[in-house]
Structures are given as C-alpha cells and as structure tokens.
Amino acid sequence: MMKLGWKMNAAVAVLMCSSLLVGGQAHAATYSHHHGHHKHQALGHAKWGNSNGSASDSMQSSTSTPDTNTQAGNHTTASQGSNAGEQVIKAGEKYMGTPYQYGSSRSDKSTMDCSEFVMWAFKEGAGIDLGRGGARSEYKKVTPISRNDLQVGDLVFFSTRATMKYSPGSINRIGHVGIYAGNNKVLHTYGKGGVTYSNMSGGWWDTHFVAAGRVLN
C-alpha cells in the first residue's frame with residue numbers, strides 16, 4: 001500500500017508539474033508576444049543611446065492629416081489652434097517624408113532629426129528661432145502647459161527607450177519632440193518614414209508622453 005500510494009503521489013506530482021509547465025508556457029508566450037511587441041516598437045533606442053533619439057522606425061503611426069478643430073482626445077478638450085500654430089503645421093508639412101537622421105546637421109534639410117524638424121517648422125512658419133539644440137533644449141524655451149490645454153502648434157515631448165530610466169519629473173526623461181496638430185495627432189519625425197503624423201491618443205505616443213509646452217501666444 002505504501003508503494004502504491006507513493007506511485008500515485010508521484011503520478012499526481014507529474015501531472016501537476018506538467019500542468020504548471022503548460023500554463024507557464026502559455027503565460028510566457030502571452031508575455032513574450034505582448035512585451036515583444038513593445039520591444040519591437042522601441043527597437044533602435046539602444047543603439048542610438050542618446051536622450052534626443054526618437055521612437056524607432058518599427059513603431060506604427062497614422063499618416064492621416066488631422067482635423068485641427070477637434071478635441072485633444074481621451075485626456076482633454078483642446079482649444080482651437082491659433083493661426084500661427086496652423087502656419088507652423090503647414091510649414092512642417094512641406095517636409096513630409098523627409099528622411100530621419102539622428103544628429104542631423106541643422107543646415108542640410110535633406111535629412112532631419114526630431115528637434116531639427118521642429119526648429120525649421122517654427123522658423124519658417126512663425127519666424128521663431130528655437131535654436132539648434134535637441135529636444136531638451138527646446139523644452140527649456142517653452143511655457144509648460146497641461147496636456148489638457150494643448151492647442152495646435154504646441155510642442156509635445158516624449159520619452160524614449162534610452163530615457164525611460166529617468167524619473168517622470170526629470171527633464172532627462174525627454175528624448176523626443178513633436179508639434180501638436182490637433183485631434184490627438186503629432187507632426188514629427190522618426191525612423192524610416194521620416195516626417196509624418198502619429199496618433200498620440202493611445203499606444204506608444206500616449207504612454208511615452210512626458211510634457212507639453214507653448215511657444216506661440
């Protein structure tokens with residue numbers, strides 16, 4: 001009886017172990033798929049390794065032109081964009097599809113990184129010189145505002161994989177910048193697609209939002 005009981009207990013243990021293994025594999029597969037998706041989205045920041053890097057070329061974005069008269073989305077109701085803001089957007093749209101290059105020269109418009117793109121859009125659309133610095137430098141030149149108060153032409157700042165290690169309240173958290181275009185859209189540049197529109201109402205751009213700021217009165 002003792003031997004039989006031992007064999008039965010062993011069999012139960014094997015079954016339990018197998019069940020845990022299968023369940024663990026299923027959980028691991030789900031975890032791998034979910035987190036692998038975000039890892040794939042963020043691919044590229046590690047090799048850039050710089051706080052001014054933008055989101056990687058594997059992240060999905062919306063290329064539809066936004067309606068500047070609509071709400072800011074799930075978070076807020078955005079005010080009507082000023083004419084100056086719309087002019088900045090219009091100036092930025094001239095560069096749609098311009099290839100992304102981190103650390104671009106600021107003088108050759110054949111390629112741009114995120115902060116250079118913003119620099120040219122404001123210089124040509126509103127006559128405002130934001131300087132030749134990166135995303136953090138541009139943040140220092142804005143008046144901080146709430147995401148609830150976003151208007152067309154405001155700057156929106158995001159974290160990257162390289163800057164996520166910094167605390168949410170630190171300027172070091174900023175690694176990417178774009179121009180708010182209404183209807184939860186951001187006009188910016190990153191990855192293979194270059195200058196494009198992306199949706200910041202959900203996904204990467206929503207969860208990596210850091211701050212917003214206003215340059216235009």
Side-chain angles (χ1 to χ4, degrees), residues 31 34-63 66 72-76 78 92 100-104 112-119 121-122 130-215:
Y31 181 93
H34 177 72
H35 291 271
H37 173 65
H38 291 290
K39 183 177 180 181
H40 177 66
Q41 284 185 320
L43 187 62
H45 297 305
K47 70 175 181 180
W48 288 338
N50 190 295
S51 62
N52 286 331
S54 68
S56 83
D57 54 15
S58 62
M59 290 190 298
Q60 297 180 354
S61 66
S62 170
T63 57
N74 297 336
H75 298 272
T76 69
Y100 174 86
Q101 180 185 3
Y102 174 73
S104 52
M112 297 179 182
D113 65 11
C114 63
S115 52
E116 181 188 355
F117 166 70
V118 169
M119 178 193 79
F122 271 82
L130 293 176
R132 301 168 69 87
R136 294 176 188 174
S137 174
E138 290 178 345
Y139 177 74
K140 292 177 181 178
K141 298 182 179 181
V142 305
T143 300
I145 61 171
S146 167
R147 186 170 180 175
N148 295 349
D149 297 324
L150 276 170
Q151 295 180 5
V152 174
D154 289 335
L155 295 189
V156 280
F157 300 87
F158 304 88
S159 61
T160 66
R161 184 178 180 183
T163 65
M164 285 293 289
K165 62 185 178 182
Y166 299 106
S167 64
S170 170
I171 191 174
N172 293 328
R173 183 88 163 191
I174 293 172
H176 182 68
V177 60
I179 307 169
Y180 184 71
N183 194 29
N184 274 308
K185 303 290 184 179
V186 54
L187 181 60
H188 59 163
T189 183
Y190 69 93
K192 289 181 180 179
V195 177
T196 188
Y197 279 108
S198 295
N199 193 328
M200 52 182 281
S201 64
W204 175 277
W205 302 111
D206 178 43
T207 59
H208 286 75
F209 176 88
V210 174
R214 183 160 297 151
V215 179

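Atom set for the values below is all heavy atoms of this structure, side chains included, hydrogens, waters and symmetry mates excluded.
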Which atoms form the tightest heavy-atom contact between [X] and [Y], and what is the distance?
{"X": "S159", "Y": "M164", "value": "OG-SD, 3.1 Å"}
{"X": "A135", "Y": "F157", "value": "O-CE2, 3.4 Å"}
{"X": "Q151", "Y": "R214", "value": "CG-NH2, 3.4 Å"}

> Once you round to the nearest 0.5 Å, how far does CD of Q101 lie from OG1 of T189?
Replying inline: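 If we round to the nearest 0.5 Å, Q101:CD and T189:OG1 are 10.5 Å apart.
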>> Can you tell me how far apart CG (D206) and CG (N199) are? Round to the nearest 0.5 Å.
In response: 9.0 Å
>> Restricting to salt bridge (Lys or Arg N to Asp or Glu O under 4.0 Å), what partner residues turn up for R173, sequence neighbours left out?
In response: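 Checked R173 against salt bridge (Lys or Arg N to Asp or Glu O under 4.0 Å); zero matches.
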Does a side-chain heavy-atom distance below 4.5 Å link [X] with [Y]?
{"X": "H188", "Y": "T196", "result": "yes"}
{"X": "V118", "Y": "I179", "result": "yes"}
{"X": "Y139", "Y": "V210", "result": "no"}

> Of the options H208, R136, H176, which is the one that meets T163 in a side-chain contact (heavy atoms from CB on, under 4.5 Å)?
Replying inline: R136
>> Once side-chain contact (heavy atoms from CB on, under 4.5 Å) is applied, do any residues pair with A212, and if so which ones, sequence neighbours excluded?
In response: I145, L150, V156, F209
> Between the main-chain N or O of G103 and the side-chain N or O of D113, is there a donor-acceptor pair closer than 3.5 Å?
Replying inline: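 Between the backbone of G103 and the side chain of D113 there is a qualifying donor-acceptor contact (under 3.5 Å).
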> What about the rings of Y190 and W204, do their centers lie closer together than 6.0 Å?
Replying inline: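 When the ring centroids of Y190 and W204 are compared, they turn out to be at least 6.0 Å apart.
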>> Can you list everything that forms a ring pair (Phe, Tyr, Trp, His ring centres under 6.0 Å) with F122? Sequence neighbours excluded, please.
In response: none
> How would you list, by chain and number, every residue that makes a side chain to side chain donor-acceptor pair (under 3.5 Å) with E116, sequence neighbours excluded?
Replying inline: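 Partners of E116 by the side chain to side chain donor-acceptor pair (under 3.5 Å) criterion, ordered by chain and then number, come out as S104, W120.
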> Could you go step by step and tell me if L187 and F117 meet the side-chain contact (heavy atoms from CB on, under 4.5 Å) rule?
Replying inline: CA-CA 9 Å; L187 181 60; F117 166 70; 3.6 Å; yes
